[in-house]
Amino acid sequence: MKKIALGLTSVALSLAAAQSQAGEVEVLHWWTSGGEAAAINVLKDEMVDAGHTWKDFAVAGGGGESAMTVLKSRAIAGNPPSAAQIKGPTIQEWGDLGFLTNLDDVAEAGDWDVILPGVVSEVMKYDGHYVAAPVNVHRVNWMWANPEVFRKAGASIPTTWDQFITEAKKIKAAGFTPLAHGGQAWQDATLFEAIALSKGSKFYNSAFIGLSDKTLRSQDMIDVFSTFKQMREFVDTGFSGRDWNIATSMVINGEAAMQIMGDWAKGEFTAAGKKAGIDYVCYPAPGTSDAFTFNIDSLAMFKVDGKEQQVAQKDLARLILEPKFQETFNLNKGSIPTRLNMPRDKFDTCAHSAMDSFLASSTTGNLVPSMAHGMAVNSMVQGAIFDVVTNFFNDDSMTSEEAVDKLARAIKASM
Ligand code: BGC
């Protein structure tokens, strides 16, 4: 009896201790589609279970451009959120400005240097110190397809861009939209970088990491632009401004055959109750089966006032790398866990394929950072590439030769 009473007392005491440390985290993100919201809700629930308050700061807009604009104005006003979805080289930009807080104690307690692949932990550090926590790894060079549409059109899944064009013509003739696409700069860039990657990861890295003038002006780059322009023939007339998840729903409901999009698209299929390999199929974007374009989502932590808010922020960082969160979040998000050696049994065949490809490509040099998703270049260079790519896609009179010239010049001016 006494033992039980003591037990209860200690539970009550530890609950009281936890509550006295309870704080609020304000989290800025752009995860507002069905699959994305299901994923971020996992983190929200875990924080609430840990006794904290979650203040949601969602800024709609795929790719995060609007979210970044809002974040800048909040930071300039001296009132940044506790955490924000910031990625790749942009983390360094915020670090340079002195906004980010040090997470080394959480990282050390959680063994982040051991449980994270080097390519991930490098990006999470500013000046050698952890300032951000990674939630996942997305593969960007995916093609999502509706097998029923292919069957009806008598078409086969293309594995090169030439085949894509041949099969897309059949699909169009059968009355379907071959390529579900949304005319937004980041979506155009996602398609463009997939085509560029089909020229090989050496070419890709030279263009989008090395920013080599020679590569940017090469015949290969002219060909990339030409193939990219051909894709216009295969999108429907309503593509302008369309959100990526609406494009995914066109594949889900059988209006369109394919979408070239990162595996956050899988989150939409999952949210719609669809099964990989049955209702939809995933293939690497044509010509890129050996490569993996990575896009790591992470929450960077800002300096905040108040002991409780700091405790809550560190709890947030800690929870993100816990195996339970890594599994549930990524099942909903469509991505793969960023934590190494996680059990694979709950993940589907597309996720298994991404996991295998991530490991294989990291040993062959074919693991490349996504330019379209802020992993390869800083935001200035990325903006310059986006402008040229999207203007070219929408301008019937611009030739591929003119486009490479504009690209090389715009990149040089932004550096
Ligand atoms: C992010 C994903 C997100 C997608 C669409 C990407 O840049 O990394 O997490 O789902 O944009 O908004």
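Every number for a ligand or one of its atoms is a count from 1 in the order of the listing.
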Q.
Looking at every non-hydrogen atom in both residues, tell me the closest pair between I336 and A351 and how far apart they are.
A.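 For I336 versus A351, the nearest heavy atoms are CG2-O, 3.7 Å.
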Q) At their closest point, which heavy atom of P134 faces which heavy atom of I296, and how far apart are they? A)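 Of all heavy-atom pairs spanning P134 and I296, the closest is CB-CG2, 4.0 Å.
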Q: If you have a sec, work out which protein heavy atom is nearest atom 6 (C) of ligand 1 and how many Å separate them, to one decimal?
A: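 The answer is H373 ND1, 3.4 Å.
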(Q) Test your reading of the model: is there a side-chain donor-acceptor pair from R242 to the backbone of H181, 3.5 Å cut-off? (A)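 Flag set: sc R242 to bb H181 pair under 3.5 Å.
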Which of the numbered atoms in ligand 1 are below 4.0 angstrom from a heavy atom of [X]?
{"X": "W244", "answer": "5 (C), 12 (O)"}
{"X": "D297", "answer": "1 (C), 2 (C), 8 (O), 9 (O)"}
{"X": "G62", "answer": "12 (O)"}
{"X": "K333", "answer": "2 (C), 3 (C), 9 (O), 10 (O)"}
{"X": "N295", "answer": "1 (C), 6 (C), 7 (O), 8 (O)"}

Q) With a 4.0 Å cut-off, would you call E46 and K324 a salt bridge? A)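 Counted as a salt bridge, because a side-chain N and a carboxylate O are separated by less than 4.0 Å.
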Q: Assess whether ring pair (Phe, Tyr, Trp, His ring centres under 6.0 Å) is satisfied between W142 and Y283, documenting all intermediate values.
A: CA-CA 6 Å; W142 275 122; Y283 286 89; 8.7 Å; no
Q) Out of H138, K87, E36, who gets a non-hydrogen atom closest to atom 12 (O) of ligand 1? A)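 Among H138, K87, E36, the closest heavy atom to atom 12 (O) of ligand 1 belongs to E36.
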Q: Look at atom CD of E108 and say whether more than 12 heavy atoms of other residues, nucleotides or ligands are closer to it than 6.0 Å.
A: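 No.
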(Q) Please report the interatomic distance CG(D220) to CD1(I222), rounded to the nearest 0.5 Å. (A)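 Here the rounded value is 9.5 Å.
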Q. Counting both backbone and side chain atoms, is some N or O of W186 under 3.5 Å from an N or O of ligand 1?
A.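 In this structure, W186 places no N or O atom under 3.5 Å from an N or O of ligand 1.
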Q) Got an N/O contact under 3.5 Å between G63 and ligand 1? A)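 In this structure, G63 places an N or O atom under 3.5 Å from an N or O of ligand 1.
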